[in-house]
Amino acid sequence: MAIQWFPGHMAKARRQVTEKLKLIDVVIELVDARVPQSSRNPMVDEITAGKPRLIVLNKADMADPAVTDAWLRALKSEDVEVVAVDAKHSKGLKQLITGAQKLMKEKHDRMREKGRNPGPIRALIIGIPNVGKSTLINRLAGRNIAITGDRPGVTKRQQWIKMKGGEMELLDTPGILWPKFEDQLVGYRLAATGAIKDEILNLDDIALYTVRELHARYPEQLKERFKLETLPEDGVELLEMIGKKRGLISGGYVDFEKASELLLNELRHEKIGRISLETPADHEMA
Ligand code: G4P
């Protein structure tokens, strides 16, 4: 989904989430496990203040498992649970429910002591576009539901979607938040993983950022995928070498644009293996 965020849209998105908070017990914040910090909304702590929060590292199937473990440890705090999930293939959904139950345990225990039935946990899924909100809602519901964002001018009654096991109910419209645009590195990380459209940033720049990151973090996977014996230090040379290997030559020169497209395509389709583009240590959180 391509969304243009302007200050008015941001204020509206924020208002919509704030209104829904009154209806729910737990906020489920979805992020991309490959770039958990860059795919967070910069104001999410403030927007969801006071609500127990479950951070879901989605697309864990595409991320480096060791880095995901490090994020699970780094993001957990007293009132924040963190789980890794692969919504597309319905993996990790049990841990997600257990995480939500942990957050509600004290409150539910108190209710039970007073002879009250706590009922299902009511949750709202929030996150920036493309992190997998619709996919997760569908998998948790166990059926395909047409999920639409909040449309301007259309007031729709909130519907609760019952989950398969009955432990939880979800609001049918997820809260769509905006990413942090001001930071160029965040833009590159989101573009490299396909969360934002290539047109927003220059394709060559995204590919150069990506090839440098892969060189620094996953040199062996890069060598193996493109059958390279050594990796030149320089990003431009490395990308040219990849283009040459794949025969992307035009007029005697490597077609840089085609090489850029190829690299990003292969990364996004997991051809280079499981890759994470940021770690807690990058943010001094480890
Ligand atoms: P959104 O509501 O937050 O905007 O995201 P949405 O569910 O539409 O998911 C965006 C893309 O991410 C979809 O791919 C979806 O299949 C994929 N996705 C969601 N969760 C996971 C996951 O855990 N693992 C993997 N590997 N992919 C995931 P798409 O290419 O847009 O659609 P499709 O080709 O899968 O139909």
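Remember, it's 1-based here, ligands and their atoms both numbered in the order they're listed. Here the structure is a predicted model, which means the values were calculated and not measured.
Note: Tyr209 and Tyr188 have parallel aromatic rings, judged against thresholds of 30 and 60 degrees for the angle between ring planes. Relative ring orientation between Phe6 and His9 is described as tilted, the plane-to-plane angle lying within the 30° to 60° band.
For the pair Gly127 and ligand 1, no heavy-atom separation below 4.0 Å is found.
Residue contacts with ligand 1, taken as heavy atom pairs separated by less than 4.0 Å, involve Met62 solely via side-chain atoms from C-beta onward. At a heavy-atom distance under 4.0 Å, atoms from both the backbone and the side chain of Asn130 approach ligand 1.
Considering backbone and side-chain N/O atoms, Val85 never comes within less than 3.5 Å of an N/O atom of ligand 1. Geometrically, ligand 1 and Ala87 share a nitrogen or oxygen pair separated by less than 3.5 Å. The distance criterion of under 3.5 Å between nitrogen or oxygen atoms is not met by His89 with respect to ligand 1. Residue-to-ligand polar distances keep Pro129 apart from ligand 1: every N/O pair is separated by 3.5 Å or more.
Counting heavy atoms from C-beta on, the side chains of Arg274 and Thr68 never come closer than 4.5 Å.
Salt bridge Arg189/Asp32: absent, no basic N to carboxylate O contact under 4.0 Å.
Across Lys88, Glu270, Lys133, heavy-atom proximity to atom 35 (O) of ligand 1 is greatest for Lys88.
Looking at Asn138, its side chain does come within 3.5 Å of a backbone N or O of Ile145 through a donor-acceptor pair.
In Lys223, the NZ atom is crowded: over 12 heavy atoms of neighbouring residues, nucleotides or ligands sit closer than 6.0 Å.
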